[in-house]
Amino acid sequence: MNATIRKIGNSEGIIIPKEVLDRMGLKAGDNLEIRENDGNIELVPEHADLAEQLKAARLGMQKYRVALRELAK
C-alpha cells in the first residue's frame with residue numbers, strides 16, 4: 001500500500017486508509033508514536049495506560065521539582 005505526503009495546513013502528512021485504521025483499531029484523535037528505525041518510519045499506537053502514566057509522572061516531577069533537585073545532589 002502506498003501513501004503520498006500532502007500539504008495539510010502549515011504541515012505535511014499522509015492519509016491513512018480507513019481499512020488500515022479499522023484493522024488496527026484506530027480512529028481520529030488517537031495518538032501515534034513516530035519511530036525511526038534503520039531508515040524506515042514506524043507509526044506505533046500509543047497505549048493509553050502509558051500516556052496516562054507519563055502525564056502523571058510529568059505532573060509529579062513538576063510539583064516536586066525542588067525536592068527532586070535536592071535529592072539529585
Side-chain angles (χ1 to χ4, degrees):
M1 186 173 299
N2 294 322
T4 302
I5 299 173
R6 300 176 188 268
K7 186 81 171 159
I8 301 173
N10 290 331
S11 300
E12 295 171 356
I14 62 167
I15 304 298
I16 302 172
K18 183 173 181 1
E19 301 83 37
V20 174
L21 295 174
D22 289 345
R23 280 197 306 268
M24 298 295 297
L26 297 170
K27 62 185 179 316
D30 287 349
N31 291 316
L32 299 173
E33 179 183 343
I34 301 171
R35 297 180 186 169
E36 295 178 55
N37 188 7
D38 294 328
N40 295 311
I41 297 172
E42 296 177 354
L43 300 175
V44 181
E46 186 178 84
H47 299 290
D49 293 340
L50 177 59
E52 290 174 18
Q53 291 171 3
L54 289 172
K55 183 177 179 182
R58 287 186 185 106
L59 289 172
M61 287 186 288
Q62 182 179 7
K63 183 176 181 179
Y64 298 107
R65 69 178 175 271
V66 175
L68 291 170
R69 189 177 305 124
E70 290 299 314
L71 289 170
K73 290 182 180 179

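Fair warning: this is a prediction, and the values are worked out from it, not measured in the lab.
- Few gaps surround CG on Leu59; more than 12 heavy atoms of other groups in view lie less than 6.0 Å from it.
- Counting heavy-atom neighbours within 6.0 Å of Leu71 CG, excluding the residue itself, gives a total above 12.
- There is a path of hydrophobic side-chain contacts, each under 4.5 Å, that joins Ile34 to Met24.
- Heavy-atom neighbours of Lys7 NZ from other residues, nucleotides or ligands within 6.0 Å: above the threshold of 12.
- The distance from atom OG1 of Thr4 to atom CD1 of Ile14, rounded to the nearest 0.5 Å, is 9.5 Å.
- If you chain together hydrophobic residues whose side chains sit under 4.5 Å apart, Ile8 and Ile16 never meet in one group.
- Asn37 and Glu42 get closest at one heavy-atom pair: ND2-OE2, 3.1 Å.
- To the nearest 0.5 Å, atom CE of residue Met61 and atom CG of residue Leu68 are 8.0 Å apart.
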**Request:** Using the side chain to side chain contact (heavy atoms under 4.5 Å, CB included) rule, take Leu32 and Val44 through it: C-alpha gap first, then chi angles, then the decisive distance, then the call.
**Result:** CA-CA 5 Å; Leu32 299 173; Val44 181; over 6 Å; no

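- Linking ILVMFWY side-chain heavy atoms closer than 4.5 Å, directly or via other members, places Leu43 and Ile15 in two distinct hydrophobic clusters.
- When all heavy atoms of Gly25 and Asp30 are compared, the pair lying nearest together is O-OD2, 4.1 Å.
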